[in-house]
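Source: prediction; values computed, not measured. Hydrogens, waters and symmetry mates play no part in the numbers below; they use all other heavy atoms, side chains included. Ligands are counted one by one from 1 in listed order, and the atoms in each one are counted from 1 as well.
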Amino acid sequence: MRKQIAAANWKMNLTYQQGTALLQAMVNADISLSENQAAVFAVPFPYLEMAIDTIAHKNFFFISAQNCSDKKSGAYTGEVSAEMLKSISLTYCLVGHSERREYFGESHKMLADKVSICLTNGITPIFCCGEALQTREANQQNVFVETQLRESLFHLTEAELLKIVIAYEPIWAIGTGKTASTEQAQEMHAHIRSVLEIQYGEPISGQISILYGGSVKAGNAREIFASKDVDGGLVGGASLIAAEFIEIIKALK
Ligand code: PGA
């Protein structure tokens with residue numbers, strides 16, 4: 001059975017003190033996950049070690065970075081390498097969030113390199129994809145997302161692909177309060193799975209967790225996660241409020 005994941009993306013929010021308090025509230029919450037479920041927290045770089053220590057004794061809680069460099073090491077001032085993340089025992093990293101693609105010019109090739117360098121360092125990339133509103137309005141979303149997958153993931157071997165998580169995040173639903181309908185989400189998740197199936201075969205595509213992101217909240221998580229091909233969510237705004245994110249974790253299948 002595919003892993004069901006609730007992933008928090010704090011983005012560039014919260015002070016160190018606020019972040020510590022939020023994680024402590026999450027750890028103290030009455031949440032018991034099974035082997036097949038995970039709660040992941042993508043926190044800012046300076047908080048990673050604190051976060052890893054805070055969740056250390058909580059079963060099936062994990063910490064993620066929000067980004068890493070596509071380069072191995074060297075003269076890249078301000079960048080953080082996957083090897084550095086591995087050296088603090090980090091297990092997950094977001095790759096290719098639409099905000100990184102849009103504001104920091106991250107290309108398909110750069111993201112392909114980031115996925116590979118994460119895997120080389122034993123870090124699970126949560127690979128984000130998703131279309132803008134005008135692409136959806138032109139009914140080009142399927143081909144758009146397929147290109148994102150093809151260009152940044154199809155260099156992977158079967159064994160490598162099995163180690164990644166995908167997050168479908170329609171840009172028009174991120175931080176807007178608009179979510180994709182359950183039908184729109186299920187339809188795109190099924191499409192993503194079929195694209196993977198054509199390239200890698202059903203036994204592989206059937207095992208990849210595909211998360212939905214875009215205005216997931218306590219009030220809509222259960223309905224969104226219920227769809228057959230939706231294996232949890234990547235959550236921004238609502239993950240900054242303990243009570244909201246606790247309910248989102250509890251909504252996992
Ligand atoms: P949102 O963000 O939940 O605030 O829409 C989701 C994301 O960008 O990962």
Side-chain angles (χ1 to χ4, degrees), residues 3-14 18-19 22-23 26 38-45 47-48 51 62-68 92-106 111 114-115 118 123-133 135-136 141 144-145 148-149 152 164-182 184-186 188-189 192 209-227 230-252:
K3 190 165 268 194
Q4 305 295 306
I5 302 170
N9 177 9
W10 289 3
K11 309 191 181 183
M12 198 172 73
N13 292 299
L14 306 176
Q18 290 167 332
L22 174 56
L23 264 187
M26 297 307 305
V40 177
F41 298 84
V43 308
F45 286 131
Y47 309 170
L48 285 172
F62 302 90
I63 300 301
S64 174
Q66 297 177 10
N67 180 35
C68 70
Y92 283 87
C93 185
L94 303 185
V95 172
H97 189 282
S98 60
E99 289 150 16
R100 302 285 327 165
R101 293 177 189 260
E102 187 179 348
Y103 308 140
F104 303 95
E106 297 194 351
L111 298 179
K114 288 188 185 200
V115 168
C118 281
I123 294 168
T124 302
I126 301 179
F127 178 78
C128 305
C129 58
E131 80 289 351
L133 184 60
T135 306
R136 168 123 339 222
Q141 66 274 11
F144 184 87
V145 169
Q148 291 181 318
L149 301 173
S152 299
I164 72 156
V165 171
I166 292 176
Y168 167 61
E169 300 203 298
I171 297 169
W172 46 271
I174 295 178
T176 58
K178 262 192 217 168
T179 51
S181 66
T182 44
Q184 285 171 322
Q186 167 55 29
M188 179 57 84
H189 283 228
I192 291 170
S209 298
I210 308 177
L211 318 185
Y212 169 79
S215 299
V216 174
K217 299 183 205 54
N220 60 21
R222 204 166 291 275
E223 186 184 342
I224 295 170
F225 297 172
S227 293
V230 178
D231 306 307
L234 177 56
V235 186
S239 75
L240 300 174
I241 304 159
E244 280 279 315
F245 198 58
I246 290 166
E247 289 310 308
I248 292 169
I249 296 173
K250 288 182 175 171
L252 287 175

Relative to each other, are the rings of W10 and F41 parallel, tilted or perpendicular (30° and 60° limits)?
perpendicular
Is the CD atom of Q18 crowded by more than 12 outside heavy atoms at less than 6.0 Å?
yes
If you count only heavy atoms, which residues are under 4.0 Å from ligand 1?
N9, K11, H97, E169, A173, I174, G175, G214, S215, L234, V235, G236, G237
Once you round to the nearest 0.5 Å, how far does SG of C93 lie from CZ of F127?
12.5 Å
Pick out which of L234, N9, V95 makes a side-chain contact (heavy atoms from CB on, under 4.5 Å) with C128.
L234
What distance do S239 atom OG and L22 atom CG have between them, rounded to the nearest 0.5 Å?
7.5 Å
Partners meeting salt bridge (Lys or Arg N to Asp or Glu O under 4.0 Å) with R101 (sequence neighbours left out)
none
